[in-house]
Amino acid sequence: MITLDSLTKDYGKNRAVNELSFTIEPGTVTGFLGPNGAGKSTTMRMILGLDAPTSGKSLINGVGYEQLRHPMRTVGAHITGTAGHPGHTPRTHLKALAQSNQIPASRIDEVLAQAGLQSAAAQRIGGFSLGMRQRLGIAAALLGDPQILILDEPMNGLDAEGIAWIRQLMKNRAAQGGTVFVSSHLMSEMQQVADQLVLIGRGELITQAPTDELIKGFAQQVIAVRAPQASALAGALAGHGAEITEGGGNRLEISGLSLAEVGAIAFSNDFELHELSQARGSLESAYDQLTRDTVEFTSSTAGKAMGK
Ligand SMILES: Nc1ncnc2c1ncn2[C@@H]1O[C@H](COP(=O)(O)OP(=O)(O)OP(=O)(O)O)[C@@H](O)[C@H]1O
């Protein structure tokens with residue numbers, strides 16, 4: 001179990017993580033989601049004792065990371081950019097880790113096989129692709145056969161087979177009672193693997209909820225409409241407080257109004273409708289709505305910063 005209690009991190013005047021409090025339970029895959037710069041990596045680094053909190057604390061099975069007697073046997077972590085010295089090979093890298101953490105050498109071949117790295121075990125890490133580095137980082141996380149896995153964007157750079165592998169690995173670990181805490185900035189990645197979601201924006205907790213519940217909650221609020229005069233209809237609906245996303249093919253996705261209200265507004269303004277339905281809310285649209293005001297870097301803010 002991982003517990004955060006008002007965990008906070010300031011970098012100078014920039015508050016990267018602001019009073020985060022939540023608990024990650026065993027037996028689940030918990031997705032840690034937020035836009036770029038939301039504070040996911042900083043939070044994970046604090047949990048792992050790699051960064052000191054400005055205030056607050058994080059506990060692993062009730063104690064601070066630095067108090068764990070055999071850290072790699074309790075928590076396996078993969079933080080991007082930490083997968084070994086370029087001059088090492090997977091085997092020498094894992095051997096050094098095993099020795100310094102009193103892990104039996106027999107685990108090295110087991111995790112190399114698990115990560116699909118046997119044939120590359122004697123190659124220099126310096127020549128590895130991003131996907132191979134990710135595999136090695138995950139192999140290292142598994143080395144101590146830990147009950148808890150903390151993985152920062154593990155799917156980055158993996159091909160389809162690699163993504164399927166890491167998904168299955170996380171699900172298996174959780175099914176065996178493990179605690180899996182995995183970050184991503186892509187809702188689509190988490191939708192398929194996470195039982196629970198913790199959403200953050202600008203370092204603050206937006207929500208923590210079961211994935212199903214989040215999808216259901218948003219599905220009830222999204223109405224889909226197709227109309228030949230979609231743009232004009234969007235204007236009329238916006239006048240009644242609706243939030244509208246214009247899709248292709250004269251399709252609108254509407255939130256903030258009920259199905260009946262959308263129908264009534266269309267009818268009273270003489271709009272012809274080709275579809276009026278309750279859309280199946282994707283987690284992507286839930287995510288967009290929840291994080292809309294917390295996105296630090298967007299194309300539009302980048303454009304403004306460049307004077308456009
Ligand atoms: N070492 C550092 N020094 C100064 N500021 C930092 C440092 N590390 C992170 N930050 C800032 O803290 C904030 C949170 O960054 P963090 O990398 O934790 O976000 P993230 O959610 O992991 O983003 P991404 O999805 O892009 O990896 C950002 O504003 C970032 O610029």
Side-chain angles (χ1 to χ4, degrees), residues 1-2 24 26-27 29-30 32 41 44-51 58 60-61 63-158 161-183 193:
M1 182 187 292
I2 306 169
I24 308 297
V29 176
T30 300
F32 192 31
S41 300
M44 287 183 157
R45 292 177 62 82
M46 286 193 284
I47 296 171
L48 295 165
L50 297 169
D51 264 338
S58 65
I60 289 169
N61 294 340
V63 299
Y65 184 87
E66 60 291 344
Q67 291 164 273
L68 294 172
R69 277 194 62 206
H70 300 291
M72 283 190 77
R73 284 153 60 176
T74 309
V75 189
H78 173 49
I79 303 286
T80 307
T82 56
H85 187 276
H88 275 226
T89 68
R91 190 175 293 286
T92 55
H93 173 61
L94 295 172
K95 196 172 166 192
L97 286 175
Q99 275 170 354
S100 56
N101 286 275
Q102 291 158 25
I103 294 166
S106 57
R107 282 293 294 159
I108 297 171
D109 279 314
E110 285 173 21
V111 297
L112 282 170
Q114 237 181 316
L117 282 174
Q118 302 104 310
S119 59
Q123 290 172 19
R124 281 158 58 102
I125 297 169
F128 274 18
S129 66
L130 177 57
M132 285 166 85
R133 279 172 205 275
Q134 293 287 65
R135 284 176 180 270
L136 178 57
I138 293 159
L142 296 171
L143 194 62
D145 196 17
Q147 194 266 340
I148 299 174
L149 275 182
I150 296 183
L151 306 174
D152 192 11
E153 305 258 4
M155 296 179 194
N156 271 0
L158 287 182
E161 191 271 327
I163 289 173
W165 163 69
I166 183 72
R167 260 188 213 143
Q168 201 52 49
L169 178 107
M170 292 192 282
K171 285 185 180 176
N172 288 348
R173 287 264 153 180
Q176 289 159 12
T179 306
V180 182
F181 188 38
V182 53
S183 78
V193 74

Considering all heavy atoms, the nearest [X]-[Y] contact:
| X | Y | value |
| --- | --- | --- |
| Leu158 | Gly131 | CD2-O, 3.5 Å |
| Val193 | Val29 | O-CB, 3.5 Å |
| His78 | Ala141 | N-CB, 4.3 Å |
| Ile24 | Phe181 | CD1-CE1, 3.7 Å |

Tell me every residue that passes side-chain contact (heavy atoms from CB on, under 4.5 Å) with [X], counting only those two or more places apart in sequence or in another chain.
| X | value |
| --- | --- |
| Gln118 | Ala113 |
| Gln67 | Val63 |
| Ser129 | Met132 |
| Arg133 | Ala83, Ile125, Phe128 |

Can you list every pair that meets salt bridge (Lys or Arg N to Asp or Glu O under 4.0 Å) and has a residue in [range], with sequence neighbours left out?
| range | value |
| --- | --- |
| residues 123-132 | none |
| residues 63-79 | none |
| residues 165-179 | Asp145-Arg173 |
| residues 92-101 | none |

_Could you work out, with salt bridge (charged side-chain N to carboxylate O under 4.0 Å, His left out) as the rule, every residue matching Arg107, not counting sequence neighbours?_
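Glu110.
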_For Glu161, all residues meeting salt bridge (charged side-chain N to carboxylate O under 4.0 Å, His left out), sequence neighbours excluded_ =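 Per chain and number, Glu161 pairs via salt bridge (charged side-chain N to carboxylate O under 4.0 Å, His left out) with Arg135.
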*Listed by chain and number, what are the side-chain hydrogen bond (donor to acceptor under 3.5 Å, both in side chains) partners of Thr89, not counting sequence neighbours?*
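Residues passing side-chain hydrogen bond (donor to acceptor under 3.5 Å, both in side chains) with Thr89: Thr92.
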*From Met155 CE over to Trp165 CH2, what is the distance, rounded to the nearest 0.5 angstrom?*
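Taking CE in Met155 and CH2 in Trp165, the distance rounds to 10.5 Å.
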*Under the side chain to side chain contact (heavy atoms under 4.5 Å, CB included) criterion, do Arg91 and Asp109 qualify, and how do the steps go?*
CA-CA 8 Å; Arg91 190 175 293 286; Asp109 279 314; 3.1 Å; yes
_So, using ring pair (Phe, Tyr, Trp, His ring centres under 6.0 Å) as the criterion, who are the partners of His85 when residues are at least two apart?_
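Ring pair (Phe, Tyr, Trp, His ring centres under 6.0 Å) list for His85, sorted by chain: His88.
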